[in-house]
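Before any comments, here is the structure.
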Amino acid sequence: MSLALEAPLAPAASSTAAPALLEPAIEIHDLTVAYGTQPVLWDVDVALPEGRLIAIVGPNGAGKSTLLKASLGLVTPLTGWVKVFGGPVAERRSWIGYVPQRESVDWDFPTSALDVVTMGLYGGLGWFRRPGKAQRERALACLEQVGIEDLAHRQISQLSGGQQQRVFLARALAQDARLYLMDEPFAGVDATTERAILGLLQQLRRDGRTVVAVHHDLQTVSEYFDHVVLLNLRLVAAGPVETTFTPENLQRTYGGRLTVLSQTAESLLRSGGRPRLGDEERP
Amino acid sequence: MSPALVIILVGSLVAASCALVGSFLVLRKMALVGDAISHAVLPGIVIAFLLSGSRASLPMLVGAGAFGVLTVLLVELFHKTGRLHEDASIGVVFPVLFSFGVLLISRYANQVDLDLDCVLYGEIAYAPWDQLKLAGQLLGPKALWLNGLVFAVNLLFVGLCYKELKLGTFDPELAAALGFAPTLMHYLLMGSVSLTVVGAFESVGAILVVAMLVVPPATAYLLTERLSRMIALAMAFGVASAIAGYGLARWIDASIAGAIGVAAGGFFLLTFLLSPRHGLIAKALRHRRLSEATAEQMLLLHLKAEGQGLSREHLGRRFGWSEPRLEATLTALTQRGHARRDNGKCYLTESGARFIEATGQELIRDRG
C-alpha cells in the first residue's frame, strides 16, 4: 500500500506546535469511573507522551475502552479529570480523532464508504452546514491513503471486515487530529489489512501524531508500539515498551491466568527485544 | 376544494410528515416507539382538554407532545437501569399511560365529546367539513392547516439538522465526540415524532399514524442504499399509499384510513418480493445462480483432478446429484465450451481449464 500521507497531514502538527515533550498528549489524574455501582476504572493516574504509538493492554473488562472514552469526554468520571494537550477535553475536540470498535455501528445503515469518511469532517463544518465538494474530495483522498478509493461509492455492508476497518481509519484521518484514539484497530482484520494499518500508524508517528490504541494481541505489542499502558481496573504500569512490557508486569496485569502469554512475552524479550516491521521505511 | 382532494391532501401531508421522522426511527431500531408514543399521549390530550376546557388544537398538541417526550424518558429510564430490556420497557410504559388516559376520560370527561373512537381511529372522511374559523372567517379545512404545519416543522427540522441526525443515528459516539449533542438531537426527534402523531390524531387516527411512521420507511429501506433517497422514497410511498388507499376505499366503500394502511402494506409486500437487491425473489434467483455456478466449478475441478473421459454414472455417484441436475450442469458447461461430451464420456476443454484456473485465483484474492 502506498502511503502518501505527507501532503494533507503535515501542516496540523506544525501549526499547533506545542513545546515538545513538556506537555503530555493525555494527562489522567485520579480517574475513577463507575457504571452504576460497578467500578470500571479505579484511581488511574497516568501521563501519555506526545508523538508515540501507545498500546493500552489488559484483560477483558479491565476498563481499556472506558479509558479511551474518558479521554474523549464520552463518559463522566466519578472522580478525577483528563486533560488533553494541557486543556479540558471539551476544548480539544478538534484535536482528537476517534476510531471506535467496528461492531459499535450498524453496517446496514444506508450510506456509502465515502459518506462515512466525510463524517470525520463534520466537526470542522459545525452545526447545520452541509458537506460539499471540497469535503467529498478530502474524504476521497483519505480513502486513497488507506488504499480503498475504488470502493468509495459502495454501500458499507458490502465491504469486508478489513475494508470496514479501513473506512473507520480513513474517517479518523479526515479528522486531521494531533491525537488518535483507536479501540482495537487490529481486531478481526486479515494479515494484509493488519500490515496496512501498521504502516499507517507508523506514518502518523513520523508526522508527529500521537496514537493511543486498545490492543489485544500481546505477541505484537513490542513489535508495533513504543509505549504501553497495562491496565486492569487499576493502572498496573505505564512506560516505554522496553522497560514496562515485562513478564512480571504482565503477570500482575493478567494474574495467574495467562502463563502461556507471559511466556510468549519472555521469549520475545529474550530474542532481543523489538523486531519492527517497517523499520526500513524510516528515514 | 373538492372533498376528495382535501382527504388525499391531508393523507399525503400526514404520510410525508411521518416518513421524515419515521425513517430515523426505523434506522435507530426504534420503530415501536412510534406505536408507544401514539398511545401514551392520551393522558396529555385529556389533561390539556381538562385544563383549557376546549377541544382547541394547540393545548392538545402541547399536552400530547409533553407526554410523548415523557414516554421516551420513562422507557429509557427503565431500560438504563439494566433491569428491563427495551421492548419490555416500552411494553410497560405505554399501556399504563394509555390506561391512565382512559381512566381520566371515564372519570372527568365522559360527558363531553372526547371519546376513544375519535382519538384512536380518527376519521379522515370528516376532514373536509371541519373548517378552521378565525375571527369569523372560514379559512379552509382545519386538518389541512394542522397537518401542513406539522409537515413544515418536520421538514424544517430534518432539513436543517440532516447531517446531525444522520451522524447521531449512525454513530452517536462520534457525534458526541465532535460536539453534536446526540442526546439533544434524540429528544428533538422524539418531540417531532410526538408532534407528528398528535397532529395526525384527529384527522387520520393513531393506528394509521403508526403504520405511516414505519411501513413506508421500511419499504424504502429495502430499495436504496442512501439515506437521503430512503427518506424521499418513504415520502413517495406514503403519498402513493394515501392516493391508492383513497381510491380503494371509494371502490369498495370502506374506511379510508383502513384502506390507506392496507395500501401501504401492499407496497411493502410488493417491494419485499420484487426489490432488485434485497427482494425475496431476487435473492432466491441469486442464490440459485450461485449454487449452479458452484456446481459447474466443482465438476470442472473434478475433471481436472481425476482426468479426462469420466462417465456420467461416475459423476452422478461422485456428487450425489439427481439425473436432471447432472444433465443441466453438463449442458451449461458444454454450451459454454468448458466441457465436451463424447460417447457418454466427459472431457475438460482448453477454455474450461483456463476458466477454472482463473476462478481459483479469484477465490484466493477475495479471501484477503
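Each chain gets a letter, A, B and so on, in the order the sequences are listed, and its residues count up from 1.
Here A:D106 is the residue among A:L72, A:V89, A:D106, A:I156 with the most heavy-atom pairs under 4.5 Å with chain B. Of the listed residues A:V189, A:L74, A:D108, the one with more heavy-atom pairs under 4.5 angstrom with chain B than any other is A:L74.
The environment of CZ in B:F272 is sparse: at most 12 heavy-atom neighbours from other residues, nucleotides or ligands sit within 6.0 Å. Around CH2 of A:W107, the count of heavy atoms belonging to other residues, nucleotides or ligands within 6.0 Å exceeds 12.
Using a 4.5 Å cut-off between heavy atoms, A:I96 makes no contact with chain B at all. Only the side chain of A:D115 comes within contact range of chain B, with at least one heavy atom under 4.5 Å from a heavy atom of that chain.
Residues of residues 177-190 of chain B lying under 4.5 angstrom from chain A, judged on non-hydrogen atoms, are B:A177, B:L178, B:G179, B:F180, B:A181, B:M185 by number. Residues from residues 219-231 of chain B that place a non-hydrogen atom less than 4.5 Å from a non-hydrogen atom of chain A comprise B:Y221, B:T224, B:E225, B:R226, B:L227, B:M230, given in numerical order. Within residues 18-37 of chain B, the residues having any heavy atom less than 4.5 Å from a heavy atom of chain A are, in residue-number order, B:L27, B:K29.
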Show every donor-acceptor pair shorter than 3.5 Å between a side-chain atom in residues 279-289 of chain B and any protein atom, with sequence neighbours excluded, or say none if there are none.
residue	atom	partner	partner atom	Å
B:R286	NH1	B:R277	O	3.4
B:R286	NH2	B:R277	O	2.9
B:R288	NE	B:E292	OE2	3.3

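Within the 4.5 Å cutoff, side-chain heavy atoms of B:T169 are placed close to those of A:F109. For the pair A:V105 and B:E173, the minimum side-chain heavy-atom distance is 4.5 Å or more.
In this structure, OH on A:Y122 lies 11.5 Å from CG on B:D171, to the nearest 0.5 angstrom.
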Point to revise | Stepwise side-chain contact (heavy atoms from CB on, under 4.5 Å) test for B:F170 and A:V116 | key: CA-CA 9 Å; B:F170 176 65; A:V116 172; 4.0 Å; yes

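Remark: side-chain polar atoms of B:K163 are paired, donor with acceptor, to backbone N or O of A:G126 under 3.5 angstrom.
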